[in-house]
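We use all heavy atoms of the structure for the numbers below, so side chains are in, but hydrogens, waters and symmetry mates are not. Remember, predicted model here, so these are calculated numbers, not experimental data.
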Amino acid sequence: RMRSIGDLQLRFGAFEEIRSEIQTLVEGGLIRFVLTSTYILFMLRISVKLTLLAIAISALILLPTTVITVSAFDFDDRQRL
């Protein structure tokens, strides 16, 4: 199938945008992971019990947030059909 030059340029431009977005997310994720790990290590040094409590509370907050987010994406996908 023959494609025009403009079509190919648009496709490669979209690939570049996606690659750039993924790279930004990965870099931000790595920085956040390092900072979070460092913070947890400092918390552990102060009090192990309080650190474990903070991690447990964070998990309790994260679980419903994840469930709501996944169900919202599913709902959005169903509306598009």
Side-chain angles (χ1 to χ4, degrees):
R1 179 175 170 194
M2 297 296 292
R3 299 192 190 278
S4 69
I5 292 175
D7 185 38
L8 292 174
Q9 285 177 334
L10 285 174
R11 287 175 185 256
F12 284 121
F15 287 140
E16 181 61 29
E17 280 184 41
I18 292 170
R19 186 200 62 77
S20 174
E21 187 67 29
I22 290 172
Q23 182 177 2
T24 301
L25 289 173
V26 168
E27 289 171 352
L30 286 175
I31 291 170
R32 183 175 295 175
F33 176 75
V34 168
L35 291 176
T36 303
S37 299
T38 305
Y39 185 72
I40 289 173
L41 288 174
F42 280 124
M43 287 175 57
L44 280 170
R45 187 175 169 104
I46 295 170
S47 171
V48 174
K49 289 180 183 179
L50 287 177
T51 302
L52 293 176
L53 179 65
I55 291 172
I57 292 172
S58 298
L60 290 174
I61 293 170
L62 184 65
L63 183 65
T65 304
T66 304
V67 170
I68 291 170
T69 303
V70 169
S71 63
F73 278 126
D74 289 343
F75 180 73
D76 189 42
D77 288 342
R78 281 185 262 138
Q79 280 189 332
R80 289 183 187 177
L81 297 176

Original post:
Could you give the distance from OG1 (Thr66) to CD1 (Ile61), rounded to the nearest 0.5 Å?
Top reply: 11.5 Å
Original post:
If you round to the nearest 0.5 Å, how far is CG of Leu63 from CD1 of Ile68?
Top reply: 9.5 Å
Original post:
Linking I/L/V/M/F/W/Y whenever their side-chain heavy atoms sit closer than 4.5 Å, directly or via other members, would Leu53 and Met43 fall into one cluster?
Top reply: no
**OP:** Can you measure from OG1 (Thr51) to CZ (Phe42) and round to the nearest 0.5 angstrom?
**Re:** 12.0 Å
Original post:
From Thr36 OG1 over to Leu41 CG, what is the distance, rounded to the nearest 0.5 angstrom?
Top reply: 11.0 Å
**OP:** State whether the number of non-hydrogen atoms from other residues, nucleotides or ligands found under 6.0 Å of Arg45 atom CZ is greater than 12.
**Re:** no
Subject >> Thr24 side, atom OG1; Arg19 side, atom CZ - distance, nearest 0.5 Å >> reply: 8.5 Å
**OP:** Supply the atom-to-atom distance Leu44 CG to Leu50 CG, rounded to the nearest 0.5 angstrom.
**Re:** 10.5 Å
